[in-house]
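These notes are about the structure you will find just below.
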Amino acid sequence: MSRLLIALVLLAFAAACAPQTMRTGDPVFEPHIEQASAAQAVMADGARLPMLVFEAEEPRAVILALHGFNDYSNAFAGPGPGPWFAEQGLTLVAIDQRGFGRAPGRGLWAGDDRMAEDAAEVVALLREKYPGLPLYLMGESMGSAVAMRTMTLPAPPDVDGLVLSAPAVWGWQQLNEVYAVTLWSAAHLVPSVTLSGRGLDIWPSDNIEMLRALGRDPLVIKETRIGTIYGLVGLMDSAYEAVPEIRKPVLLLYGAKDEIVPAPAVADTLEKFERAKANVTVA
């Protein structure tokens, strides 16, 4: 058997072993917010997304906050930004996205379509709950990518602007060929294998006590399926491609010492915003 034929057979085998994504249902419910022992947003397919609500006494605006990869809504709890925003008169609502925290499908990838649709449905619910108030969609890292992806939906969410904190935008277009081929192959051959990231000498923060708290939190995912990483890269690619379709004001935040989101990817995204003549403020 020639090398070319062997390569084609292996490629066909890999393609047949597509990365596993979580199963989601058909839209058979009317999305709504439930207030039981804890708040949760019920999606059109019945999935329940836990919510944290930091209510301002006299809100002048509402923020829907989307957490980063392997994190969950608790990222916005005290001493994080949720209580601070409430003190400034801004009600902040954070959700656990599918596959993370207490949401369905923990550890599995829901797909960027479903994640964007979830965010759009929650925006609609918050519009009903807080009529007449400005509403902003804020994301951190992966959450920013989801926020950007929502603006490409056939019916984009009705928001007054986006806050993109360290947006995850280094998708396939930013990966070198070796990394891209390795990830694609691993995701199609061994998608359930997990990686921890230990030994990479990359620090998401210099707040050591906060990092220790994350390490103790059982709801923070510590080991990630390769198939989920593959899905994340696809989402980041979709977020980058979404830039020309974002017609709302954008506040883009990037940390000067960020070791996670590559600066060239953010700079490239900012240039793309500028070429699209978007209304962007950078800090």
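In this text the structure is predicted, and so the values were computed from the model without any measurement. Throughout, numbering of the chain's residues begins at 1 and tracks the sequence.
Ion pairing between a basic and an acidic side chain is recognised when a charged N comes within 4.0 Å of a carboxylate O; Asp160 and Arg127 show such pairing.
The list of side chain to side chain donor-acceptor pair (under 3.5 Å) pairs with a residue in residues 77-94, not counting sequence neighbours, reads Glu55-Thr91. Legend: ring-ring contact (aromatic ring centres under 6.0 Å, His included) pairs involving residues 120-178, not counting sequence neighbours, sorted by first then second residue: Trp172-Tyr230.
Clustering ILVMFWY residues whenever any of their side-chain heavy atoms sit less than 4.5 angstrom apart, transitively, puts Leu253 in a cluster other than the one holding Leu137. With hydrophobic clusters built from ILVMFWY side chains whose heavy atoms lie under 4.5 angstrom apart, Met43 shares a cluster with Ile33. Using a 4.5 Å cut-off between side-chain heavy atoms of Ile, Leu, Val, Met, Phe, Trp and Tyr, with links allowed through other members, Leu251 and Ile246 fall into different hydrophobic clusters. In this structure, Val42 is not a member of the same hydrophobic cluster as Met115, with clusters built from ILVMFWY side-chain heavy atoms closer than 4.5 Å. Taken together through direct or relayed side-chain contacts under 4.5 Å among Ile, Leu, Val, Met, Phe, Trp and Tyr, Phe54 and Leu66 form parts of separate hydrophobic clusters.
With contacts defined as side-chain heavy-atom distances shorter than 4.5 Å, the pair Ile63/Val163 does not qualify. Side-chain contact between Arg149 and Leu235: present, with at least one pair of heavy atoms (C-beta onward) separated by less than 4.5 Å. A 4.5 Å side-chain heavy-atom check between Val93 and Lys129 finds every atom pair outside the cut-off. Side-chain contact check for Leu90 versus Arg60: some heavy-atom pair is nearer than 4.5 Å. Side-chain atoms of Val159 and Met151, non-hydrogen and from C-beta on, do get closer than 4.5 Å to each other. Residues Leu92 and Met138 form a side-chain contact, since some pair of their non-hydrogen atoms from C-beta on lies under 4.5 Å apart. In this structure, Tyr72 and Arg106 have side chains that are not in contact, with every pair of non-hydrogen atoms separated by 4.5 Å or more. In this structure the side chain of Leu270 never reaches within 4.5 angstrom of the side chain of Val266, judged on heavy atoms.
In this structure, Ser238 contributes its side chain and Gly234 its backbone to a donor-acceptor pair below 3.5 Å. Tyr254 contributes no side-chain N or O that, together with a main-chain N or O of Ala267, makes up a donor-acceptor pair within less than 3.5 Å. Remark: side-chain polar atoms of Thr228 are paired, donor with acceptor, to backbone N or O of Gly107 under 3.5 angstrom. Of the possible polar contacts, one joining the Asp96 side chain to the Ser73 backbone as a donor-acceptor pair under 3.5 Å is found. Proximity of a side-chain donor or acceptor of Glu121 to a complementary backbone N or O of Ala44 within less than 3.5 Å is detected. Side-chain atoms of Lys257 do not come within 3.5 Å of backbone N or O of Gly255 as any donor-acceptor pair.
For the atom pair Leu162 CG and Leu252 CG, the distance stands at 10.5 Å (nearest 0.5 Å). Taking CG of Asp258 as the reference point, atom OG of Ser165 lies at 8.5 Å (rounded to 0.5 Å). Trp184 contributes atom CH2, which lies 7.5 Å from atom CG of Leu189 (distance to the nearest 0.5 angstrom). Atom CZ of residue Arg102 and atom CG of residue Leu219 lie 4.5 Å apart, to the nearest 0.5 angstrom. With values rounded to the nearest 0.5 angstrom, Asp237 atom CG is found 11.0 Å from Leu232 atom CG. Distance check, rounded to the nearest 0.5 Å: CG of Leu195 to CD1 of Ile226 gives 4.5 Å.
In this structure, Pro191 and Arg225 approach most closely via the heavy-atom pair O-CB, 3.7 Å. Here the closest non-hydrogen pair linking His67 and Ile95 is CD2-O, 3.2 Å. For the residue pair Phe273 and Met148, the shortest heavy atom distance occurs at CZ-CE, 4.3 Å. Counting all heavy atoms, side chain and backbone alike, Ala47 lies closest to Asp45 at N-OD1, 3.2 Å.
In terms of the salt bridge (Lys or Arg N to Asp or Glu O under 4.0 Å) criterion, residue partners of Arg48 (sequence neighbours excluded) are, by chain and number, Glu34. Remark: Glu274 engages no residue in a salt bridge (Lys or Arg N to Asp or Glu O under 4.0 Å) (not counting sequence neighbours). Shown here are the salt bridge (Lys or Arg N to Asp or Glu O under 4.0 Å) partners of Lys248, two or more places apart in sequence or in another chain: there are none. Applying the side chain to side chain donor-acceptor pair (under 3.5 Å) criterion to Tyr240, with sequence neighbours excluded, gives Asp268.
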Any chance you could lay out the side-chain contact (heavy atoms from CB on, under 4.5 Å) test for Asp118 and Gln97, step after step, and finish with the verdict?
-> CA-CA 8 Å; Asp118 284 347; Gln97 300 179 80; over 6 Å; no
